[in-house]
**Q** 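Sharing a structure with you now.
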Amino acid sequence: MLNEIRDQLRSLDMGPVQYGRVTSNPEIWNYIVFGRSSMKRVGTSKTDFNRYYTVVIVHEDYLPEGTEVEVKKALETIKGLKLSQDDIQYDYTVKKNSNTVVEMAILTFVEVLKGYAL
């Protein structure tokens with residue numbers, strides 16, 4: 001699943017795609033970071049889980065209109081992955097040693113795992 005997510009995000013050509021964390025920021029802060037965020041048992045079965053993935057879209061100034069929709073559409077082409085019911089969150093920071101504001105959109109996707117034995 002992680003390779004599929006990475007490949008779909010890279011196909012969007014929205015800048016570098018990193019897993020987990022960015023260890024050194026590129027000169028221009030237009031990139032995507034993704035990773036697993038949690039896994040939760042669902043229903044009454046001991047083997048049914050939902051695994052959650054977080055995708056953070058980072059962009060200097062502001063995200064271009066429709067960026068979140070592009071990411072959603074691309075990732076929902078992956079079998080078994082869909083946008084969760086969680087709200088899309090936005091966060092802001094100022095790029096170090098500059099006056100550049102950076103906007104981030106945080107999307108959560110869910111993968112349903114039926115009969116998953118831990």
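The analysis underlying the following values was restricted to heavy atoms, covering all of them including side chains, and did not include hydrogens, waters or symmetry mates.
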**Q** Can you pull out every salt bridge (Lys or Arg N to Asp or Glu O under 4.0 Å) where at least one residue sits in residues 21-39? Sequence neighbours excluded, please.
**A** none
**Q** Please list, one pair per line, the donor and acceptor atoms closer than 3.5 Å that link side chains of residues 103-114 to other protein atoms, with sequence neighbours excluded.
**A**
from	atom 1	to	atom 2	distance (Å)
Glu103	OE1	Leu63	N	2.7
Glu103	OE2	Tyr92	OH	2.6
Glu111	OE1	Tyr53	OH	2.7

**Q** Quick one: which residue pairs count as a ring-ring contact (aromatic ring centres under 6.0 Å, His included) with a foot in residues 60-88, not counting sequence neighbours?
**A** none
**Q** Do Ile32 and Val56 have side chains that approach each other closer than 4.5 Å (heavy atoms only, starting at C-beta)?
**A** no
**Q** Which residues pass the salt bridge (charged side-chain N to carboxylate O under 4.0 Å, His left out) test with Glu68, not counting sequence neighbours?
**A** none
**Q** Can you list everything that forms a side-chain contact (heavy atoms from CB on, under 4.5 Å) with Thr23? Sequence neighbours excluded, please.
**A**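 side-chain contact (heavy atoms from CB on, under 4.5 Å) list for Thr23, sorted by chain: empty.
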**Q** Would you call Val55 and Leu75 a side-chain contact if the rule is heavy atoms closer than 4.5 Å?
**A** yes
**Q** Ile5 and Val22: same hydrophobic cluster, using ILVMFWY side-chain contacts below 4.5 Å?
**A**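 The answer is no; the residues belong to distinct hydrophobic clusters.
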**Q** side-chain hydrogen bond (donor to acceptor under 3.5 Å, both in side chains): which pairs involve residues 4-14, sequence neighbours left out?
**A**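 side-chain hydrogen bond (donor to acceptor under 3.5 Å, both in side chains) check on residues 4-14 returns Asn3-Arg6, Gln8-Thr77.
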**Q** Show the nearest heavy-atom pair for residues Gly20 and Val33, with the distance to one decimal.
**A** O-CG1, 3.6 Å
**Q** What pairs meet the ring-ring contact (aromatic ring centres under 6.0 Å, His included) rule with one or both residues in residues 16-44, with sequence neighbours excluded?
**A** Tyr19-Phe34
**Q** If the condition is salt bridge (charged side-chain N to carboxylate O under 4.0 Å, His left out), which residues does Lys82 pass it with, not counting sequence neighbours?
**A**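 Lys82 satisfies salt bridge (charged side-chain N to carboxylate O under 4.0 Å, His left out) with no residue once adjacent residues are dropped.
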**Q** Assess the residue pair His59 and Thr67 against the criterion (side chain to side chain contact (heavy atoms under 4.5 Å, CB included)); give the C-alpha distance rounded to whole Å, side-chain angles, the decisive distance to 0.1 Å, and a yes or no.
**A** CA-CA 10 Å; His59 204 283; Thr67 300; over 6 Å; no
**Q** Given Ile57, which partner from the list Val71, Asn30, Leu9 fulfils the side-chain contact (heavy atoms from CB on, under 4.5 Å) test?
**A** Val71
**Q** In Å and rounded to the nearest 0.5 Å, what is the CD to CG distance from Glu76 to Leu83?
**A** 6.0 Å
**Q** Are Asp61 and Thr100 close enough that some pair of their side-chain heavy atoms sits under 4.5 Å apart?
**A** yes
**Q** Which residue pairs pass the salt bridge (Lys or Arg N to Asp or Glu O under 4.0 Å) test when at least one of the two sits in residues 84-98, sequence neighbours left out?
**A**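 Counting only pairs at least two positions apart or across chains, the salt bridge (Lys or Arg N to Asp or Glu O under 4.0 Å) contacts touching residues 84-98 are Glu60-Lys95.
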**Q** Could I get the full list of salt bridge (charged side-chain N to carboxylate O under 4.0 Å, His left out) partners for Lys73, not counting sequence neighbours?
**A**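 Per chain and number, Lys73 pairs via salt bridge (charged side-chain N to carboxylate O under 4.0 Å, His left out) with no residue.
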**Q** Applying side-chain hydrogen bond (donor to acceptor under 3.5 Å, both in side chains), can you list everything that pairs with Ser38, at least two apart in sequence or on another chain?
**A** none
**Q** Would Ile88 and Val58 show up in the same hydrophobic cluster when neighbours are defined by side-chain heavy atoms closer than 4.5 Å?
**A** no
**Q** With Glu70, which residues qualify under salt bridge (charged side-chain N to carboxylate O under 4.0 Å, His left out), at least two apart?
**A**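 Once residues adjacent in sequence are excluded, Glu70 has no partner under the salt bridge (charged side-chain N to carboxylate O under 4.0 Å, His left out) criterion.
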